[in-house]
Every structure is written in structure tokens, then in C-alpha cells.
Asks: 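Got a structure for you, written out below as C-alpha cells; questions coming shortly.
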Amino acid sequence: MTGAAPGAAPAAAPAPPAQQRWLALSVLVLAVLLVGVDATVLGLATPYLSEDLRPSGTQLLWIGDVYSFVIAGLLVSMGSLGDRVGRKRLLLTGSVAFGAVSALTAYAHSAEAMIVWRALLGVAGATLMPATLALIRNLFPDPRERSLAVGVWGATASAGAAVGPVLGGLLLEHFWWGSVFLINLPVMAVLVVVGARLLPESRTPHPGPWDLPSVLLSMTGLVAAVYAVKETAVHGPGPVTAAAAAVGAGALTAFVRRQLRLSSPLLDMRLFRHRGFSGAVLADLLTILGLSGLVFFLSQFLQMVQQRTPLQAGLAELPAALGAIAAGLAAGRVARRTSVRGAVCGGLAAVGLALAGCLLLDVSASYWLLGPLLLVLGAGAGLSFTVTADVILSSVPEEQAGAASAVSETAYELGAALGIALLGSVVTGLYRGFATPAGVPEAAADEARESLGGAVEAAHGVPGAEGEALLGAARETFTEGLRAGAGVGAAVLLAAAALSWRLLRGQRLADTAENPGE
């Protein structure tokens, strides 16, 4: 064939040689690992942040989840931008920014500054995640080989959230809390240097304009909606949260309507008419909601309730990472030998059962209970998340890979943020009402009710038995809140497993390059 019809998309560039493809994948998963780690690494650093920066309970929740909120708000826009300017270019630019903002975050001097730097870190992180998955779509045209590559990617993404506490614990044993951010710098340097040589550039052949009103509507809608959910759950309904909910709903409605009118939309909303695509996105979100929410609060439980060192707490959470890696690598094979809906529903149910098992936790819970629960949690998350990512990526033509990847990653980050916010709201709501023992000064009681870290500090300032009683009451109440939050999460995940069984009926992974959407 010597020519192409006018306006037709050019033929896709041939895939790089096998060795280069897998080396390029190893570079991509570095970015995925760091973004995942940064979502949970703060869990172990929370006591040190509480001592150094003195955040309020609300500020502490914002420090933990603003990163994911901002990423969720920008991923669709950044995925579409990568389709237009080049996914490799966006990835490398975002890597440089991620490293620079990580250095600023490490030296934050106040709770307010930490929130700002974490938000900017989210902006940089939003450029990385959709680019990595879209580049995999370009690097691996063969569906079976791509399933393995997505399995490596999914295992890394799922494990990143679980590895965060391990890495954080190792660093906090020897350095100050800022070291959990400085570790990003050498990894991002390697990614930029090696990625510039190995990664092929890919973009949409004939992109339309990048619609700025759509960018503003998507970010405003997502951030406002999530803020309303978070604040309502923590403080109850009020005029501010009602206004935020109205702004979020209005902006998202306007975004959808605008996408349906545009000839080159930021996100093709017709993708959601596909029942399998929509089911995969929902399962993606809820899987990560269960994983990240539990890991975040278990980090505090292990340190401040069971009094483990940061490294001991991180190692205690290692089974979640091991389960996620093993299940992620096997996910494509499992989905083909059984079914997509069987793999996804099984993964969701496993996460739900792990959360339900946390109802048995108490202050002195044995690791023989906690370790197996974490293993099941990680395995379920790795299986479900990896299969849904493969379904989402395989459901679209290559030129829409960035937008589809952004949908997958938006679900991931929104799930991470909502997991921390919703489970945290249950934990915080119960915790703030705990009765302080007699003889504890009112100022110390108020400080203790702000957060568990605040209770540890307040107890140090109360002499004798009253201080011990205050700390004991705080630990018991926090554990009670953790059980309640896990129970709510279990109900949500088990219901999601049942719903996914219906939504993913008939969905299967492609076997050949000619039928990627099947």
C-alpha cells in the first residue's frame, strides 16, 4: 500500500524489539511505583508530622488525601493532553516536576505548607499515571503480551500502596519524616535519563484542540464533589458542603454535556455506554478504596496502638504487597481461564472479606490474625485492579489510549482518596467523641480528641496514672473506630462484587490483535 486516504490516521508505528519493550516497561513501572508509594507512605510518618507540624485532625486528613484528590481532578485532562502533545514528553516533564516538588515537600515548615506541596505533588503525579498505561498500549500490540505487561503494571500499582509503609518504616528508622519524599529524587532521575533513550513517543495522529473549558469543568467538578463527600462525612451537612456538592454536580453535568457536543472531546463519554467498561471502572475505584483506606489506618494502628516501630509496622504490612504482586502477575491468565467477571468479583470479594475480618481486631490483636488478612487484601486488590485495567485499556482504539488510561487512573486515585476520607470519617467521627478519664485537664483532653497522634503527645504532658489512662482510652476508641470503618468498607466491597458480576457479564480479554475490544 503506497498511500492513505485523506484524513485517515496513519498506520501505527511498529512495536519496538522485545528486549527494548520490556526494558521500557521497567522504566514505566518506576513511575507507577512512586505514585503508589506516595499515596500511602505518609501513614507511618503521621506521628512524626503530628509532633513536628502540629496539624489539626482535619489538616491531618487533608495532608493524607489532598494528593489523591488533585490527581483525581487532573487525570482526565492530563491523559488527553498526553494524547495530543506526546505521552513520552508528558511523562518525562512530569517526572522532573515530581522530583522538584518532592524536595519542597520534604522541607515543609507547617501543616499549611505541607498541604500546598502535597497538592502540587498531585499535579505532577497526574502527568505520570495515564502516560504509563497508554505507553504500554503502544508498546505491546499483542493482547496476551500486553496482558502480562498490564499485570506487571497493575502489580506495581497495587503493591506501591502497600510498599509505601515498608519503605517509610525503613527510612523513618534512620532519618526524619522528610526522607520519605526525598527518596523520589534519585528514582525520578533514573526514569528521566533512561526513559529518554528507551521509550518511544506516541500520540493521537490527528488530535483536536485541547479544550480548556473542559479541563476546568472536570477538575472543578471532581474536586468539589470529593470535598463535599469528605466534609459531610466528617462534620455533617452544612451550607459550605451543600454549596460544594452543588458546584461539583453542576460542573460535572456541564462537562458531560460539553463532551457530547465537541467533535474532539477531552473524554469520549460514549465509552461509558459499554457495560463492561463502566463495570470495570467502578470495580477499579472500589478495589482501591478498600486497599488504601485500610492500609492508611492500619499504619497508625500498628504504631500508635500496638506501639511498633516504623520499620516493624512497615514490615507487618508487607503481606499486602506480596499478595498484590503475585495476583497481579497471574491476573491475565486467571481471567482467561475462568472469566473476567469471575476474576474481578473474586478480587472484590476478597478485599471485602479482608475488611470484614478486621472486625475481630482489638488493641492486643495477634499478627496471626492481621498478617493473613493483609495477604488476602493485597491478593484481591491485585487481581481485581489488574484485570479491570486490562479491560479498560483493551476496550478502546490506540488513539484513545491516553483518555482511557486516565479514566482507569482517575478511578484509582479517586478510590484512594475516598478510601482515606470515608473510612477516616468513620474513624474520626467515633474517635472525637471518646470520654476522657477523670482527672485529665480539659486542654489535654481537647488535644487528645484531635487525633491519635495528639493523644500520644497529650498523654506525655499528663503525669502519672491519668496520662496512661488517657492514652489507653484513646487507643481503645481508635480501634473501635477502625473496626466500624472496616465494617462499612466490607459492606461496600461485597455489594460491589455482586454488582460487578452483573455488569461484567460476557466480558472477556482479547486473545489476538484483531479483536482487542472483545
Side-chain angles (χ1 to χ4, degrees), residues 5-10 12 69-91 93-94 123 125-138 201-226 247-282 284-285 388-389 391-414 503 516-517:
F69 283 177
V70 172
I71 285 184
L74 280 175
L75 274 169
V76 170
S77 302
M78 293 302 179
S80 179
L81 181 63
D83 286 344
R84 288 161 168 77
V85 305
R87 294 150 192 156
K88 174 182 176 179
R89 177 184 297 178
L90 186 67
L91 176 69
T93 302
V123 175
T127 68
L128 303 180
M129 294 295 274
T132 60
L133 193 52
L135 283 167
I136 288 174
R137 176 73 167 82
N138 181 250
E201 184 59 280
S202 68
R203 59 170 61 88
T204 302
H206 303 294
W210 198 55
D211 188 56
L212 186 58
S214 295
V215 172
L216 296 175
L217 285 171
S218 67
M219 185 170 185
T220 301
L222 283 168
V223 172
V226 173
V247 168
L252 289 175
T253 301
F255 174 79
V256 171
R257 289 179 175 174
R258 186 173 181 84
Q259 302 319 292
L260 294 173
R261 291 197 308 267
L262 292 174
S263 58
S264 298
L266 201 69
L267 176 63
D268 187 354
M269 301 305 299
R270 290 170 296 183
L271 292 172
F272 290 94
R273 295 175 183 171
H274 189 286
R275 177 168 42 84
F277 184 90
S278 298
V281 171
L282 178 64
D284 195 342
L285 184 152
T388 55
V391 169
I392 291 168
L393 194 62
S394 301
S395 298
V396 300
E398 185 176 333
E399 59 268 19
Q400 290 183 302
S405 302
V407 171
S408 175
E409 293 311 315
T410 300
Y412 178 100
E413 294 300 339
L414 197 57
L503 291 176

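Quick caveat: nothing in here was measured; it's all calculated off a predicted structure.
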Asks: Would you say that Met219 contacts Ser77 through its side chain, given a criterion of any heavy-atom pair below 4.5 Å between the two side chains?
Replies: no
Asks: Over all heavy atoms of both residues, which pair between Ala280 and Val391 is shortest? Give the atoms and the distance, please.
Replies: CB-CG1, 3.9 Å
Asks: Which heavy atom in Thr127 sits nearest to a heavy atom in Gly94, and how many Å separate them?
Replies: OG1-CA, 2.9 Å
Asks: For the residue pair Met78 and Ala126, what are the closest heavy atoms and their distance?
Replies: CB-O, 3.3 Å
Asks: What is the distance from atom CG of Leu81 to atom CZ of Arg89, rounded to the nearest 0.5 Å?
Replies: 10.0 Å
Asks: Sort out for me which residue in Val70, Leu217, Leu252 forms a side-chain contact (heavy atoms from CB on, under 4.5 Å) with Leu222.
Replies: Leu252
Asks: Which value, rounded to the nearest 0.5 Å, describes the distance between Leu282 atom CG and Phe277 atom CZ?
Replies: 12.5 Å
Asks: Going from CD on Gln259 to OG on Ser218, what distance comes out if it is rounded to the nearest 0.5 angstrom?
Replies: 8.0 Å
